[in-house]
Amino acid sequence: MKPGQTQRTPWIVGVSGASGTPYAAAVLRALLDAGESVDLIVSRASRLTLLDETGISFRDAHWDEDLHEWLARGADGKPGTFDIQTRDVRHWSPGDLAAGPSSGSYPSKGMLIVPASTACVAGVALGLSKDLLQRAASVTLKEGRKLVVAVRETPLNGQTLRHMVTLDDAGATVLPASPAFYAGATHIQDLVDFVAGRVLDAAGVEHTLYRRWEGELGGGSRTI
């Protein structure tokens, strides 16, 4: 680091293969809007989900343009919904186990896994580190940094529930991707943004993604 430069300390965002790529997009947009740096890991399985849910192919060689197209798309699939800048995003291939986030000496504020599949939950809970996403999560836990795991699956069987308890015992925040309706949602984007906002709440990142509860009944019947 050159004299006068400040150390880049990003949030690591892992996207696993569960359905729910709009959740990841909303979290990424909000982090960038908040002025945060992001290190992005898009698993191989999640690329299939992204292709299925949005029609976008996420390619390592063209990740910047693919990411921009993804983040500009609304939860309803409409292209060009958001004006987004991705200058402070660093992408790491999921197979690169020599990447920065694979080491505890690599600086980060913590990690957000959005969405988290049950396979990802199991891999992190068991410490398998079979790819960079799982390895980065294990490093986050061992270094005592914030780890938020946004589980997207239903119903949940006993094995997955036990894995979630293991993550909670290890210090992670287990956050099911469960939209709420008290914030006055009128569009699918509102429900997506609520979940993304709760992820950022758990991480301690300021945002304005949803209207907070203020103790007044009937608030959910008013449009945002």
| Arg73 side-chain N/O to Gly77 backbone N/O, donor-acceptor pair under 3.5 Å | yes

| request: May I ask you to say whether Arg90 pairs ionically with Asp39, meaning some side-chain N is under 4.0 Å from a carboxylate O? | output: no

| said: Whether the side chain of Ser103 engages the backbone of Gly100 through a donor-acceptor N/O pair (distance < 3.5 Å, no angle test) should be reported. | reply: no

| request: Salt-bridge test for Asp52 and Arg47: reply yes if a basic N is under 4.0 Å from a carboxylate O, no otherwise. | output: no

| Ignoring hydrogens and geometry, is there a side-chain-to-backbone donor-acceptor pair from Asp96 to Ser93 under 3.5 Å? | no

| field | From Leu141 atom CG to Leu167 atom CG, the distance as rounded to the nearest 0.5 Å | value | 7.0 Å

| said: For Asp66 and Ser57, which I'm curious about, is there any donor-acceptor pair between the side chains at under 3.5 Å? | reply: no

| said: For residues Val149 and Met111: do they belong to one hydrophobic cluster (side chain heavy atoms under 4.5 Å, members Ile, Leu, Val, Met, Phe, Trp, Tyr)? | reply: yes

| Would Trp92 end up clustered with Val27 when hydrophobic side chains under 4.5 Å apart are linked, directly or stepwise? | no

| query | Passes side-chain contact (heavy atoms from CB on, under 4.5 Å), Asp201 versus Arg212? Steps please. | reply | CA-CA 11 Å; Asp201 287 344; Arg212 297 182 181 279; 2.8 Å; yes

| task | Ignoring hydrogens and angles, tell me if any N or O in the side chain of Glu69 forms a donor-acceptor pair with the backbone of Glu65 under 3.5 Å. | result | no

| query | Under 3.5 Å, is there a donor-acceptor pair between the Asp169 and Thr166 side chains? | reply | no

| When you measure from the side chain of Ser16 to the backbone N and O of Ser117, does any donor-acceptor pair fall under 3.5 Å? | yes

| Which pair of non-hydrogen atoms, one from Ala185 and one from Leu191, has the smallest distance, and what is that distance? | CB-CD2, 3.6 Å

| message | Take a 6.0 Å sphere around CZ of Arg198 and say whether it holds more than 12 heavy atoms from other residues, nucleotides or ligands. | response | no

| said: Could you check whether Tyr182 and Phe194 have their ring centres less than 6.0 Å apart? | reply: yes

| query | When rounded to the nearest 0.5 angstrom, what is the spacing between OG1 in Thr49 and CZ in Arg44? | reply | 14.5 Å

| field | Point-to-point distance, once rounded to the nearest 0.5 Å, from CZ of Arg8 to OH of Tyr106 | value | 5.0 Å

| field | Polar side-chain atom of Arg152 near backbone of Thr118 as donor-acceptor pair, under 3.5 Å | value | no

| message | Check for me, please, whether Trp63 and Val13 land in the same ILVMFWY cluster - side-chain distances under 4.5 Å, paths through other members count. | response | yes

| request: Decide if atom CG of Asn157 counts as having more than 12 heavy atoms of other residues, nucleotides or ligands within a radius under 6.0 Å. | output: yes

| request: Please report the C-alpha distance between Leu200 and Leu112 in whole Å, then the side-chain angles of each, then the deciding distance to 0.1 Å, and finally whether the side-chain contact (heavy atoms from CB on, under 4.5 Å) criterion is met. | output: CA-CA 9 Å; Leu200 294 177; Leu112 316 175; 4.3 Å; yes

| field | Heavy atoms from other residues, nucleotides or ligands near NZ of Lys78 exceed 12 (cutoff 6.0 Å) | value | no

| If only atom types and distance count, is the side chain of Gln134 paired as donor or acceptor with the main-chain N or O of Val124 below 3.5 Å? | no

| message | Show the nearest heavy-atom pair for residues Pro22 and Val192, with the distance to one decimal. | response | O-CG1, 3.4 Å

| message | Return the OG to CD1 distance between Ser43 and Ile113, rounded to the nearest 0.5 Å. | response | 10.0 Å

| field | Any donor-acceptor N or O pair under 3.5 Å, side chains Asp193, Tyr23 | value | no

| said: For the CD atom of Gln85 and the CZ atom of Arg87, what is their distance to the nearest 0.5 Å? | reply: 4.5 Å

| query | Any chance the side chains of Thr21 and Glu53 put a donor and an acceptor closer than 3.5 Å? | reply | yes

| remark: Distance col, row Ser37:OG vs Leu32:CG, nearest 0.5 angstrom, shows 8.5 Å

| message | Under 6.0 Å between ring centres: does that hold for Phe58 and His91? | response | yes

| said: Would the distance check show the side chain of Thr140 and the main-chain N or O of Ala136 forming a donor-acceptor pair, the cut-off being under 3.5 Å? | reply: yes

| said: Test of understanding: clusters of I, L, V, M, F, W, Y form through side-chain heavy atoms closer than 4.5 Å, transitively. Do Val151 and Val15 belong to the same one? | reply: no

| task | Group every Ile, Leu, Val, Met, Phe, Trp and Tyr by side-chain heavy-atom contacts under 4.5 Å, then state whether Val174 and Leu156 land in the same group. | result | yes

